Number of protein chains: 2
Amino acid sequence: MTAPRELDPADPAVRAWGRMRALVVDQHDRRREACEAVGLSFVRVKALLEVAREPGTLSDLADRLSVDRPYATVVVDELQKRGLVRREHHPDDRRCKIVSATPDGLRAAATARAILGDPPPVLRALPAEDLAQLDRILAAL
Amino acid sequence: MTAPRELDPADPAVRAWGRMRALVVDQHDRRREACEAVGLSFVRVKALLEVAREPGTLSDLADRLSVDRPYATVVVDELQKRGLVRREHHPDDRRCKIVSATPDGLRAAATARAILGDPPPVLRALPAEDLAQLDRILAAL
DNA sequence: GCTAATGATTGTGTCGCCGCAACCGCCGCG
DNA sequence: CGCGGCGGTTGCGGCGACACAATCATTAGC
């Protein structure tokens, strides 16, 4: 079907990308861990992180999670049942509900973020100079 | 529950890791695309890539995919039904079956690899010097 | 040769992800 | 004030990713 355009293994972009992917998805995927730590499935963790970052309406959240509205409702239901988020009426539009994180929710989000954002040991083991270079280069994206 | 050890946003390792994750999982996750291109679910794509890389027994494959043996059987069944892999008897141990990719399977694997391994445009847009640095640093992992 | 371990398979069941159709309430517009 | 549109909710159902138990063949160790 699709023409399988081959990759050039000598291309530095291809090589760097491959290594990044290997590190992120193969060697250091801690999603399972994060889910267990907060006792939620991964979509709910993502939803929690999202509302912790910034509250918003259900539709808004659905968009940010790339799911449809009904599913967003279900996910938020679960989070609310656990006391991690609350629904508040939009002051100007009574149709909307604003979903925001409770203190417990913020704590749980921080836990998840700490696990997911914890760099792998191999990365920490890099010389400070390389790390700074890495940070600088990646910041340009 | 778990002590939420906070992350230091000034730590270059944390920052670099965050950027890498954002790029790999948030902005350029092409798994859906790869699955559609070869008409398989993602675990099967992973399995296919694995056997294409190197044939092995079912148990071996189960280990590499981090699933149990029964599930590996199911996955391989599907791939075999599509003519992408074949089972061969182990010459010395008749209990074992060696799973290897057919020519079709190798082609499908190449397609998936081409999609998954295709670096995002932002990465390609980096100056050659930075790209080389990136490649060099990441290679040290 | 009997037995225990090993490899593969089949069947069963659970859980998470997620779209879709239908419905209700509120808003805005003519 | 009636009506279409939008936001939210409920219910339904499918699909994928598994794990677990049980079974069968083979092999290996005593």
Side-chain angles (χ1 to χ4, degrees), chain A residues 25-26 29 31-51 55-82 84-100 112, chain B residues 25-26 29 31-51 55-82 84-100 112:
Chain A
V25 317
D26 296 336
D29 185 0
R31 303 188 327 177
R32 186 77 46 97
E33 225 170 311
C35 289
E36 279 167 19
V38 298
L40 292 170
S41 73
F42 190 61
V43 196
R44 290 149 222 243
V45 172
K46 272 201 299 184
L48 180 59
L49 288 171
E50 210 56 55
V51 305
T57 69
L58 269 290
S59 298
D60 185 23
L61 184 59
D63 279 351
R64 289 198 252 162
L65 295 176
S66 301
V67 300
D68 66 354
R69 281 193 295 263
Y71 190 48
T73 293
V74 173
V75 170
V76 168
D77 279 351
E78 178 79 15
L79 295 177
Q80 190 174 27
K81 201 159 43 182
R82 311 266 182 122
L84 301 173
V85 304
R86 67 178 147 247
R87 280 181 236 237
E88 283 152 352
H89 292 284
H90 190 292
D92 299 342
D93 189 340
R94 236 164 314 207
R95 290 173 300 178
C96 301
K97 315 262 181 81
I98 307 286
V99 184
S100 59
Chain B
V25 317
D26 296 337
D29 186 2
R31 303 188 327 176
R32 186 77 46 94
E33 225 170 311
C35 290
E36 278 166 19
V38 298
L40 293 169
S41 72
F42 189 63
V43 195
R44 288 144 223 247
V45 172
K46 273 202 299 183
L48 179 60
L49 288 171
E50 211 56 55
V51 305
T57 69
L58 268 292
S59 298
D60 186 22
L61 184 60
D63 279 351
R64 289 198 253 161
L65 295 175
S66 301
V67 300
D68 66 356
R69 281 194 295 262
Y71 189 48
T73 293
V74 173
V75 169
V76 168
D77 279 352
E78 178 79 16
L79 295 177
Q80 191 174 27
K81 201 159 44 182
R82 311 266 182 121
L84 301 173
V85 305
R86 67 178 148 247
R87 280 181 238 237
E88 283 151 352
H89 292 284
H90 189 292
D92 299 343
D93 189 339
R94 237 166 313 207
R95 290 172 303 179
C96 301
K97 315 262 180 80
I98 307 285
V99 184
S100 59

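This is a predicted model, so every value here is computed, not measured. Lettering follows sequence order; numbering is per chain, from 1.
Boundaries of the chain B contact region on DNA chain C are C/dA5 to C/dT10, first to last in 5' to 3' order (nucleotide atom under 4.0 Å from a heavy atom).
Contact check for B/Tyr71 versus B/Leu65: no side-chain heavy atoms found under the 4.5 Å cut-off. Side-chain contact between A/Thr57 and A/Val99 is absent, with no heavy-atom pair separated by less than 4.5 Å. Under the 4.5 Å side-chain criterion, counting only non-hydrogen atoms from C-beta, A/Arg87 is in contact with A/Leu58. When side chains are defined from C-beta on, B/Leu40 counts as touching B/Leu84, because their heavy atoms get closer than 4.5 Å.
Checked for salt-bridge contact, B/Arg32 and B/Glu36 miss the test: no charged N lies under 4.0 Å from a carboxylate O.
Nearest heavy atoms, B/Ala112 versus B/Val45: CB-CG1, 3.9 Å. Between B/Ser41 and B/Cys35 the shortest heavy-atom distance is C-SG, 3.8 Å. In terms of heavy atoms, A/Ala72 sits closest to A/Ala62 at CB-CB, 3.8 Å. Heavy-atom minimum distance, A/Gly39 versus A/Arg82: O-NH1, 2.7 Å.
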So which protein nitrogen or oxygen atoms get under 3.5 Å of nucleotides 26-29 of chain D's nitrogens or oxygens?
residue: D/dT27; atom: OP1; partner: B/Arg94; partner atom: N; Å: 3.0

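One N or O on the side chain of B/Arg64 and one on the backbone of B/Glu50 form a donor-acceptor pair closer than 3.5 Å.
Look at CD on A/Glu88: it is 14 Å from P on D/dG8, rounded to the nearest Å. Straight-line distance from the CZ atom of A/Arg87 to the P atom of D/dG7: 16 Å, rounded to whole Å. Distance, A/Arg31 CZ to D/dC18 P: 10 Å, rounded to whole Å. The distance between atom CG of B/Leu58 and atom P of D/dA25, rounded to the nearest whole Å, is 17 Å. For the pair A/Asp60 CG and D/dG7 P, the interatomic distance rounds to 11 Å; values are reported in whole Å. Look at CZ on A/Arg64: it is 16 Å from C1' on D/dG7, rounded to the nearest Å. For the pair A/Glu78 CD and D/dT9 P, the interatomic distance rounds to 15 Å; values are reported in whole Å.
Taking 4.0 angstrom as the limit, B/Ser41 places none of its side-chain polar atoms (N or O) nearer than this to OP1 or OP2 of D/dC15.
Within 6.0 Å of NE2 in A/His90 there are more than 12 heavy atoms belonging to other residues, nucleotides or ligands.
Among the nucleotides D/dA17, D/dG7, D/dT9, the one closest to any side-chain atom of A/Cys96 is D/dG7.
Near DNA chain D, defined here as any heavy-atom distance below 4.0 Å, the residues from residues 67-75 of chain B are B/Val67, B/Asp68, B/Pro70, B/Tyr71, listed numerically.
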